[in-house]
Visitor: 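Sharing a structure below in structure tokens format, with a few things to ask.
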Amino acid sequence: MIILGIVIFGLMLVMMGFIGVQAARSVRAARGQAETTTKSFGYKQELIRDMGGFSNFAVSFSIISILTGAVSYYGYGFSQGGPAMMGIGWPLVTFFVLFVAAAMAELTSAIPTSGAIYHWASILGGPTWGWFTGWLNIVGQVTIVAGIDYGCATFASNLLFTNPSKAAFFGTYAVILISHALLNHFGIDLVSKLNSVSAIYHVVGVLLIIGVLIAVGPQHHVSYLYSTFSTQTSSSMPYWGAFLVGLLQAQWTLTGYDASAHTSEETLNPRVRAPWGVFLSVAISGIFGFILLALVTMSIKNPNAVAAAGNNAFIVAIQQAVGTRFSGVLLWLVTIAMWFCGCSSITSSSRMVYAFSRDNGLPFSKYLKRVSAKFHTPAIAIWVVAIIAFLSGISNGIYAVIGTMSVIGLYSSYFVPIALKLRAQLRGIWTSADNGPWHLGKCSVPVSIVASLWVIFLIGLMVLSPTDVQLTSHLVLHYATGKIIFVVLVVLIIDYVVSARHSFAGPKLGSYEQLSARLTHHEAGFNRPTVDAVQLKQTKHDQW
């Protein structure tokens, strides 16, 4: 098992270096290429473009936030897969997510826009693919906001109150969401600075925790990370099954890096800086996350107590490692990192809602697409995201469902444009001329194939994961994730057949119209509404 762990970790590092070198080479070769902005899509520039490369990276890095996902779902991962979840599971997930991030970075460079995934799917597959992709991404975006701030509220309420009641927890949860909505409402300049502070804070915070754990001295040898300890394995769930389910810890952490793409319209030189933000946020988080989790796990004194602690497992592990008094300082450090993460997540989610509403893809789009004249932010979209996120977390036992739903929603939306681009590449329709300056050349196709296969496996795993939600005192919804996602898909299909297919024409394509026509020529025979026709109809409706 130790050899297997070393091999997986080595492959992870090799893949990081290989993709980084390939992309850097392509960027150097494209230096001097004319810059493309959102004006090429035919949209008015309403959001302020003043984000630098570090700020763009910081948005995704803060949303990934190893001090949020890896920490808040630590108990879930440890109770399912034990120490091997940190030694083998984390590097394994990171390795495959690097393929997904690289494929998405290529698309970010080629088509930089706030709509990101939604725009990519529309251009590559037509408005139908775009509509479903936009909805899936929003489902993932909103539930990831809920998951991040739910975790933050769990830590904060335990630090603020002794045995916090439900009222104390939900009050803390609400205050955290309100603070994030207010900050995002007041302006991108403020949030941009907070994102930069957040990225530095996360690095310093992780290094501080690592330093303290090294100073205290781990209780176990590194071989402990590769043992097969799992307290929830039963006769009906063999260890390998529990291990696979426990991958949610790493997979939920390594989500949301499309935020760098969603803030393309606010980033200077987005065709280079935004894709680097997508890829580097995953690569750096993968390395720091492994080191942090390894040391925390090796410092555990009573593994049974940690596994039994549920959502508070990381708190118990830190208390065992450094003692109750000093652990409070480290746990507040983690909680503040979670707060930063939630703030960045609302930034990304609200931009996706704004971009989709801009093309009338959501109910009440004419309100959701409004931008504050004073602060230049999509204010209504921001508050709607915060409210829905709060409502998503009010049922007992919902935390695992929030995590699996966000993974399914986000990675389903990632899969669609990656798969559509791969299909176009294999058919010879997508050519090198369509690439942005950040691309992988001949390696693009194999990278996209691996990324697509991983997402298919991942979604199947999350749908079948054993998640229970306590709806009432006598009613428990077993395997809730699979049932909820099924209902969501049925509702979306009905909505599309009854309404959206007649009224939704997709986003403006501008200079990408010709590319989209090449890629979707097989749909030319269908009588689909044009963007202009739908917008004229919507204008008349609004005026009426």
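Owing to the predicted nature of the structure, the values given are computational and were not obtained by experimental measurement.
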Visitor: Which atoms form the tightest heavy-atom contact between V278 and A101, and what is the distance?
Guide: CG1-O, 3.5 Å

Visitor: Are the side chain of T255 and the backbone N or O of W252 linked by a donor-acceptor pair below 3.5 Å?
Guide: yes

Visitor: Could you verify whether a donor N or O on one side chain and an acceptor N or O on the other, from W129 and T520, lie under 3.5 Å apart?
Guide: no

Visitor: Do F57 and Y257 have ring centres separated by under 6.0 Å?
Guide: no

Visitor: Would you confirm whether S465, through its side chain, and M462, through its main-chain N or O, come within 3.5 Å as a donor-acceptor pair?
Guide: yes

Visitor: Measuring only between side-chain heavy atoms, which start at C-beta, is I117 closer than 4.5 Å to W120?
Guide: yes

Visitor: Got a second to check how far F186's CZ is from I382's CD1, nearest 0.5 Å?
Guide: 10.5 Å

Visitor: Using side chain to side chain contact (heavy atoms under 4.5 Å, CB included), reason through V71 and M338 one step at a time and then give a plain yes or no.
Guide: CA-CA 9 Å; V71 166; M338 292 181 178; 3.9 Å; yes

Visitor: Look at the side chain of T253 and the backbone N and O of Q249, then say whether any donor-acceptor pair between them is shorter than 3.5 Å.
Guide: yes

Visitor: For the pair R501 (side chain) and V497 (backbone), establish whether a donor and an acceptor sit closer than 3.5 Å, ignoring hydrogens and angles.
Guide: yes

Visitor: Indicate whether any N or O donor in one side chain lies under 3.5 Å from an N or O acceptor in the other, for T481 and T467.
Guide: yes

Visitor: Between the main-chain N or O of N56 and the side-chain N or O of S260, is there a donor-acceptor pair closer than 3.5 Å?
Guide: yes

Visitor: I need the minimum non-hydrogen distance between P437 and V272, along with the two atoms involved.
Guide: CG-CG2, 3.8 Å

Visitor: I148 and side chain to side chain contact (heavy atoms under 4.5 Å, CB included): which partner among C341, S406, S65, S72?
Guide: C341

Visitor: Check step by step if side-chain hydrogen bond (donor to acceptor under 3.5 Å, both in side chains) holds for D258 and Y414.
Guide: CA-CA 9 Å; D258 55 315; Y414 297 172; 2.6 Å; yes

Visitor: Counting N and O atoms only, with roles assigned by atom type, does the side chain of Y76 sit under 3.5 Å from a partner on the main chain of Y399, one being a donor and the other an acceptor?
Guide: no

Visitor: Could you give me the CA-CA distance, side-chain angles and deciding distance for N360 and K369, then say whether side chain to side chain contact (heavy atoms under 4.5 Å, CB included) is met?
Guide: CA-CA 8 Å; N360 301 310; K369 66 185 177 183; 3.5 Å; yes

Visitor: Applying side chain to side chain contact (heavy atoms under 4.5 Å, CB included) to Y354 and T377, what does each step give before you reach the verdict?
Guide: CA-CA 9 Å; Y354 159 76; T377 56; over 6 Å; no

Visitor: Is V385 close to V353 at the side-chain level, that is, under 4.5 Å between some pair of heavy atoms?
Guide: yes

Visitor: If only atom types and distance count, is the side chain of N184 paired as donor or acceptor with the main-chain N or O of H180 below 3.5 Å?
Guide: yes

Visitor: Mind checking whether F169 and Y150 have parallel, tilted or perpendicular rings, split at 30° and 60°?
Guide: perpendicular

Visitor: Is the shortest heavy-atom distance from the side chain of V100 to the side chain of V282 under 4.5 Å?
Guide: no

Visitor: Restricting to non-hydrogen atoms, name the atom on G289 and the atom on W90 that form the minimum distance, rounded to 0.1 Å.
Guide: CA-CZ2, 3.7 Å

Visitor: Working to the nearest 0.5 angstrom, can you tell me the gap between L368 CG and S350 OG?
Guide: 11.0 Å

Visitor: Examine the side chains of H202 and S62 and answer whether a donor and an acceptor come within less than 3.5 Å of each other.
Guide: no

Visitor: Mind checking the CD1-CE spacing from I144 to M405? Nearest 0.5 Å is all I need.
Guide: 12.5 Å

Visitor: Locate the shortest heavy-atom distance separating L333 from G205; write the atom from each residue and the value.
Guide: CD2-CA, 3.5 Å

Visitor: What is the ring orientation for W438 with F279, classed by angle as parallel under 30°, tilted 30 to 60°, or perpendicular over 60°?
Guide: tilted

Visitor: Answer yes or no: is there a side-chain heavy-atom contact under 4.5 Å between I418 and E106?
Guide: no

Visitor: Indicate yes or no: at least one non-hydrogen side-chain atom of V491 is less than 4.5 angstrom from one of F486.
Guide: no

Visitor: With the side chain counted from C-beta on, respond yes when F99 and W454 share a heavy-atom pair under 4.5 Å apart, and no when they do not.
Guide: no

Visitor: Sub-3.5 Å donor-acceptor pair from the side chain of S281 to the main-chain atoms of F61, do we have one?
Guide: no

Visitor: Restricting to non-hydrogen atoms, name the atom on W339 and the atom on L183 that form the minimum distance, rounded to 0.1 Å.
Guide: CH2-CD1, 3.2 Å

Visitor: Can the ring centres of Y496 and W131 be said to be less than 6.0 Å apart?
Guide: yes

Visitor: Apply the test side chain to side chain contact (heavy atoms under 4.5 Å, CB included) to residues S412 and I459: give CA-CA distance (whole Å), side-chain angles for both, the deciding distance (0.1 Å), then the verdict.
Guide: CA-CA 7 Å; S412 295; I459 292 172; 3.2 Å; yes

Visitor: Measuring from L136:CG to Q141:CD, what's the distance to the nearest 0.5 Å?
Guide: 12.0 Å

Visitor: Are any side-chain N or O atoms of H185 and backbone N or O atoms of A181, one a donor and one an acceptor, separated by less than 3.5 Å?
Guide: no

Visitor: Is there a donor-acceptor pair under 3.5 Å between the side chain of S413 and the backbone N or O of L410?
Guide: yes

Visitor: Any non-hydrogen side-chain atom of W135 less than 4.5 Å from a side-chain atom of L362?
Guide: yes

Visitor: Please identify each residue that fulfils side-chain contact (heavy atoms from CB on, under 4.5 Å) with T172, with sequence neighbours left out.
Guide: A153, A156, S157, F161, I176

Visitor: Is any side-chain heavy atom of Q251 less than 4.5 Å from a side-chain heavy atom of F96?
Guide: no

Visitor: So, for P275 and S109, which heavy atoms are closest and what is the spacing to 0.1 Å?
Guide: CG-CB, 3.8 Å

